[in-house]
Amino acid sequence: MAWTNEDVARQFAEIATLLKLSGADSFRVRAYERAAGAIGAATADLSSLDEADMSQLKGLGSSTAKKISEYLQTGSIGMLDELRAAVPAGLIALTRVPGLGPKTARLLHEELGVDSVQGLREAIDTERLRGLPGLGPKTEVNLREALSRLGAKDTGRLPMADAIAIAEELCARLARLPEVEQVAFAGSLRRMRETVGDVDVLAAATDPGPVHAAFRDSDLVTEVLAAGDKKTSVITRAGVQADLRVVEPDAWGAALVYFTGSKAHNVRVRERAVRRGLTLNEYGLFDRESGERRASRDEAEVYGAMGMTVVPPPMREDAGEVEAAAGGTLPRTVQLGDLRGDLHGHSDWSGDGKATLEEMVTAAAERGYAYWAVTDHAEDLPMNGLSRERMLARREAIAALQQRYELRILEGAELNIGVDGGVDYDPAFLAGFDWCVASVHTLMNRPGPEQTARIIAAMEHPSVHAIGHLTGRLIGRRPAYDVDLDAILEAALGTRTALEINASPRRLDLSGEMVRRAVDAGVTLTISCDAHSVGDLASMRYGVATAQRGWATPELVLNCGDLDRVLTFTQDKRSRSRAR
DNA sequence: GCCGTTTTCGGCCCGACTGTTTTCAGTCG
């Protein structure tokens, strides 16, 4: 059995969780959490390293290295097995009850024998919580309410796109208040993680009282969880928790850093501050001796005062970005303004397109693009695909429309990767297209090796310029299918095929983590919206965030180049195929 | 358990809010 780094990271995350529930020293717990993070972020395959190499990785010592090789060799870790035997699995579920942490879970188990959420329900109903140290009547009520919410709500995490809609509405309302100087959403949403657990809103105001009051009293809010001078927590009508923090306008930058970074990024940055005789909190960067404030106004000032360049929010995950920003080696990643065109989009020539070709082209031109590829579905896709005749008719429509636009309309198609990697039409017909994306739309449950093989076979085709939404996942709805990414990356390099970062917030496929591996391999990427409507063209920002999460630079992203670069890329692939 | 421009031992990031407490522990982010 070959174990992936993710498999290994999960073991250490579980050790950390179980240690916490056994009351272990908190620094030891943190060491395991860090090890899990370091393993997850490692770019090298752990199974290719020996223990000495492993312990060279930051956050991994000899003890962790030994356990990693134990896992790689035997498929289990003795320490983890012992912890699993000692800690009832239900205690982990208990800590997912909001307001109930590891200490309380342990107390409930030791004093009352509670080892499940159901057990907690019964203990509350039979009033057995009363008399436990530290648990008063208010806690009992809170836990009862948390349990009823838990039952009503589904799994908890919300797809990022849904959360952004809520966050933007909350921000827009706060921005209208006269007291508010600045307002933004922060947290995992600003980092544009694919799913988020809650919505963090940050406002700058000299008088915070009315801002908190307006937030609490909004008709978007159904329940107030906490209300203080500095922080308000609510449940919104959409069922998701939203937290508001209000800070002095002078502290805006420090607060934005503090509330945007992942926990691990923040820990790393604050440690760096401490080593420089400084301390960082949400109010600013301060000298530890004199208490003098060194920086706080904006993010550039705060990072700058610690000798760092500003880290784009999606990269703030403690995946090496703190060290790179401090060492001046942080790459200049893709920004929205770098995009010169979009290489995957649909018109109503496809059955599922919701806007006319002209509407789509107009919208693309309004975004300032130099080119836009209309990649309507090809004939093998039932219902939505275009026959050869319809494609030829569309060719005339494109030619007619092109006369009125400076933007170059690339005549494209989204091909369907068949069971053995074949695609629609015949090679001569396909050679007449400017740009083709090939995607898997059928047989998504094939085993990994088969799925990988058919995609690689499609890459061999001289007219397949990019692979669309590589893993087929729909966030929160359909899991990614199993592909061997290393083999795909190698084939992409060998066949000169680009891999798409599908910017649709339902997909984000490649994921940021996969982008990082593609970047390390030097594979050409595209960032495309797969737009089926005019509004979908605005998804580009999600694709850019995913590219940043994977440290992608404009040089690796084909559609950051001008039209010539795109056309040269397709010609290179075709001439390479002829030469073989 | 990890780590070193004070260190191979003794530290390890920071603050808000709540509830149960007469000064703080637990939880959360």
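Just so it is clear: chains get the letters A, B, ... in the order the sequence lines come, proteins before strands, and each one is counted from 1.
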Does [X] make a side-chain N or O approach to OP1 or OP2 of [N] shorter than 4.0 Å?
| X | N | value |
| --- | --- | --- |
| R288(A) | dC14(B) | yes |
| T139(A) | dT20(B) | yes |
| K138(A) | dG19(B) | yes |
| R34(A) | dC12(B) | no |
| T64(A) | dC2(B) | yes |
| N142(A) | dG19(B) | yes |
| T279(A) | dC14(B) | yes |
| S26(A) | dC12(B) | no |

Whole Å only: how far is the [atom1] atom of [X] from the [atom2] atom of [N]?
| X | N | atom1 | atom2 | value |
| --- | --- | --- | --- | --- |
| R275(A) | dG4(B) | CZ | C1' | 9 Å |
| N266(A) | dG15(B) | CG | P | 13 Å |
| E33(A) | dC12(B) | CD | P | 17 Å |
| R96(A) | dT27(B) | CZ | P | 16 Å |
| L100(A) | dG26(B) | CG | C1' | 10 Å |
| F12(A) | dG1(B) | CZ | P | 11 Å |
| R28(A) | dC3(B) | CZ | C1' | 17 Å |
| L202(A) | dG15(B) | CG | C1' | 14 Å |

Item checked: Side-chain-base donor-acceptor pair under 3.5 Å for Y258(A) and dG29(B) ->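 When only heavy-atom distances are counted, Y258(A) does reach the base of dG29(B) through a donor-acceptor pair under 3.5 Å.
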
Just call it for [X]: base, sugar-phosphate, or nothing, with non-hydrogen atoms closer than 4.0 Å on any strand.
| X | result |
| --- | --- |
| V247(A) | nothing |
| G187(A) | nothing |
| F27(A) | base |
| V274(A) | sugar-phosphate |
| A35(A) | nothing |

Checklist line | Base-pairing assignment for dC9(B) (Watson-Crick or G-U wobble, both under 3.5 Å) | finding: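 Checking every strand shown, dC9(B) finds its partner in dG4(B), with both distances under 3.5 Å.
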
The side chain of [X] lies closest to which of these nucleotides: [options]?
| X | options | answer |
| --- | --- | --- |
| A226(A) | dG4(B), dC17(B), dG29(B) | dC17(B) |
| R30(A) | dG4(B), dC17(B), dC13(B) | dC13(B) |
| E271(A) | dC14(B), dC12(B), dC3(B) | dC12(B) |
| K263(A) | dC14(B), dC2(B), dG29(B) | dG29(B) |
| N281(A) | dC2(B), dC17(B), dC14(B) | dC14(B) |
| S63(A) | dG29(B), dG15(B), dG1(B) | dG1(B) |
| K58(A) | dA16(B), dC3(B), dT27(B) | dC3(B) |
| D25(A) | dA16(B), dG26(B), dG1(B) | dG1(B) |

Margin query: Pick the closest DNA chain B nucleotide for L132(A) and for T232(A) by heavy atoms, then say which residue is nearer the 5' end.
Written below: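 The residue whose closest nucleotide sits nearer the 5' end is T232(A).
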
Notebook entry, point to check: Which residue, Y283(A) or P133(A), contacts DNA chain B at a nucleotide closer to its 5' end, judged by nearest heavy atom?
Noted result: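 Closer to the 5' end of DNA chain B: Y283(A).
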
Next item on the list: Count the heavy atoms belonging to other residues, nucleotides or ligands that lie under 6.0 Å from CZ of R84(A), then report whether that count exceeds 12.
Entry: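 More than 12 within 6.0 Å, yes.
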
Check: Around atom CD of E289(A), are there more than 12 heavy atoms of other residues, nucleotides or ligands at under 6.0 Å?
Finding: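 For E289(A), atom CD is not crowded (no more than 12 foreign heavy atoms under 6.0 Å).
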
Next item on the list: Tell me yes or no: between the side chains of S62(A) and K66(A), is some donor less than 3.5 Å from an acceptor?
Entry: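 Checked: S62(A)/K66(A) side chains show no N/O donor-acceptor pair below 3.5 Å.
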
Check: Should R30(A) and D25(A) count as an ion pair when the cut-off is N to O under 4.0 Å?
Finding: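 No, R30(A) and D25(A) are not salt-bridged.
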
Margin query: Taking D219(A) first and then R173(A), would you say they form a salt bridge - that is, a charged N and a carboxylate O separated by under 4.0 Å?
Written below: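 Result for this pair is yes, salt bridge flagged.
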
Checklist line | Aromatic plane relationship, W3(A) with Y71(A) - under 30° parallel, 30 to 60° tilted, over 60° perpendicular | finding: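 It falls in the tilted class, 30° to 60°.
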
Considering only the [atom1] atoms, how many Å lie between [N] and [M], rounded to the nearest integer?
| N | M | atom1 | answer |
| --- | --- | --- | --- |
| dG11(B) | dT6(B) | C1' | 12 Å |
| dT7(B) | dC2(B) | P | 22 Å |
| dT8(B) | dC12(B) | P | 16 Å |
| dC13(B) | dT23(B) | P | 28 Å |
| dG26(B) | dT21(B) | P | 13 Å |
| dC9(B) | dC14(B) | C1' | 25 Å |

Note to self: Taking syn as a glycosidic torsion within 90° of 0 and anything else as anti, which one is dT7(B)?
What the structure shows: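 For dT7(B), whose glycosidic angle is within 90° of 0, the conformation is syn.
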
Next item on the list: Taking the side chain as every heavy atom from C-beta outward, state whether E282(A) and K230(A) have any atom pair closer than 4.5 Å.
Entry: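 No, their side chains stay 4.5 Å or more apart.
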
Next item on the list: For S22(A), check side chain to side chain donor-acceptor pair (under 3.5 Å) against everything at least two apart and list the hits.
Entry: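 If we apply the side chain to side chain donor-acceptor pair (under 3.5 Å) test to S22(A), skipping adjacent residues, there are no hits.
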
